[in-house]
Colleague: 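The structure's right below; bear with me while I get my questions together.
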Amino acid sequence: MLEAGWVELLNTPGHTISWCWRDRQGEAFWLVRDHPAADAAVVLSRKLGAGMRHELYGGPGAPRLAVLTCHGSCAHEAYHLQHLAADLADRPDRASAPGPDPEIPERLPGVPLTRLAHGSSSLIHRDSSRDYGSSTVQLSWDVPFDETTATALVAHTVRLIAI
């Protein structure tokens, strides 16, 4: 077990911390590691009418991992997409584990203004905030939607609202 205070966590490079919230068991927060290979990830972006399309690759010459289509304002920065690409590329193989798709909750605790959905693709809807207008991002996966992909989606969502 590792014990650390807020100041130590906030000053630890390579970790992203969400806002704190309170649940039935006490105070809680999300802690997401920054991916060390994010700088090598490739994000190709182009304007699509009023939105944007982003293609994610684990690196130069690597296979495409996902396509994100932003409807409304893009509520993310380039480094958010690089970390998502690195998280998706960091899988032992591209084969899906047998079984149903993992369940994604509509709302993550402590992640305000954001709703998730998953069907044939995944959606992240963000209500407008002081920094971004309202937006919906559709994520089409070129990797199987399994626990690794679901974890990358949750980590990406948490990084979007991190302090």
Side-chain angles (χ1 to χ4, degrees), residues 13-21 29-91 93-96 100-163:
H15 291 91
T16 301
I17 300 171
S18 76
W19 294 100
C20 184
W21 78 92
F29 59 91
W30 291 95
L31 178 64
V32 178
R33 75 172 170 84
D34 292 341
H35 201 290
D39 288 341
V42 175
V43 178
L44 302 178
S45 301
R46 68 182 166 102
K47 190 104 171 104
L48 262 185
M52 291 288 288
R53 174 187 163 103
H54 309 282
E55 294 184 16
L56 306 184
Y57 300 84
R64 189 175 74 185
L65 302 163
V67 175
L68 283 75
T69 306
C70 299
H71 306 279
S73 66
C74 284
H76 52 247
E77 303 294 333
Y79 71 89
H80 291 129
L81 300 176
Q82 288 177 292
H83 281 285
L84 176 58
D87 286 344
L88 293 171
D90 193 17
R91 47 190 315 125
D93 59 44
R94 296 174 66 88
S96 179
D101 283 354
E103 289 188 38
I104 299 293
E106 180 181 1
R107 294 191 183 270
L108 297 173
V111 180
L113 307 174
T114 305
R115 292 185 310 280
L116 299 172
H118 179 72
S120 58
S121 60
S122 300
L123 296 174
I124 301 173
H125 177 78
R126 292 192 64 193
D127 296 336
S128 62
S129 69
R130 69 175 171 221
D131 296 327
Y132 297 102
S134 176
S135 69
T136 300
V137 178
Q138 178 180 358
L139 298 96
S140 300
W141 307 105
D142 290 333
V143 295
F145 191 79
D146 55 16
E147 288 294 331
T148 301
T149 306
T151 300
L153 174 61
V154 169
H156 176 68
T157 306
V158 170
R159 284 184 186 114
L160 292 176
I161 59 92
I163 55 177

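We count residues from 1, following the sequence as given.
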Colleague: Heavy atoms only: give me the nearest L84-A152 pair and the separation to one decimal.
Modeller: CD1-O, 3.6 Å

Colleague: Rounded to the nearest 0.5 Å, what separation is found between the OG1 atom of T149 and the CG atom of L65?
Modeller: 9.0 Å

Colleague: Restricting to ring-ring contact (aromatic ring centres under 6.0 Å, His included), what partner residues turn up for H76, sequence neighbours left out?
Modeller: H54

Colleague: Any heavy-atom pair between the side chains of I124 and H156 that's under 4.5 Å?
Modeller: yes

Colleague: Can you find a pair of side-chain heavy atoms, one from I161 and one from R126, that are under 4.5 Å apart?
Modeller: yes

Colleague: Would you find a donor on one side and an acceptor on the other, under 3.5 Å apart, between the side chain of T114 and the backbone of P112?
Modeller: yes

Colleague: Which pair of heavy atoms, one from A89 and one from G58, lies closest together, and at what distance?
Modeller: CB-CA, 3.7 Å

Colleague: Does any part of the side chain of L139, heavy atoms only, come nearer than 4.5 Å to the side chain of S121, both counted from C-beta?
Modeller: no

Colleague: Kindly indicate whether the side chain of L153, heavy atoms from C-beta on, has any atom under 4.5 Å from the side chain of T157.
Modeller: yes

Colleague: On a heavy-atom basis, which atom in F145 and which in S122 lie closest, and how many Å separate them?
Modeller: CE1-OG, 3.6 Å

Colleague: Would you indicate whether the side-chain heavy atoms of R115 and D127 approach each other to under 4.5 Å?
Modeller: yes

Colleague: Apply ring-ring contact (aromatic ring centres under 6.0 Å, His included) to H83 and list each qualifying residue two or more places apart in sequence or on a separate chain.
Modeller: none

Colleague: Compute whether any side-chain donor of one residue and acceptor of the other, for D90 and H35, lie under 3.5 angstrom apart.
Modeller: yes

Colleague: Considering non-hydrogen atoms only, spot the tightest contact between W30 and P109 and give its length.
Modeller: NE1-O, 2.7 Å

Colleague: In Å and rounded to the nearest 0.5 Å, what is the NE2 to OG distance from H71 to S134?
Modeller: 12.0 Å

Colleague: Answer yes or no: is there a side-chain heavy-atom contact under 4.5 Å between K47 and M52?
Modeller: yes

Colleague: Are R159 and D34 close enough that some pair of their side-chain heavy atoms sits under 4.5 Å apart?
Modeller: yes

Colleague: Search all heavy atoms of S135 against all heavy atoms of H125 and return the closest pair with its distance.
Modeller: O-ND1, 3.2 Å

Colleague: I'd like to check T148 versus V143 (side-chain heavy atoms, cut-off strictly below 4.5 Å). Are they in contact?
Modeller: no

Colleague: For residues L88 and A66, report the shortest heavy-atom separation together with the two atoms involved.
Modeller: CD1-CB, 4.0 Å

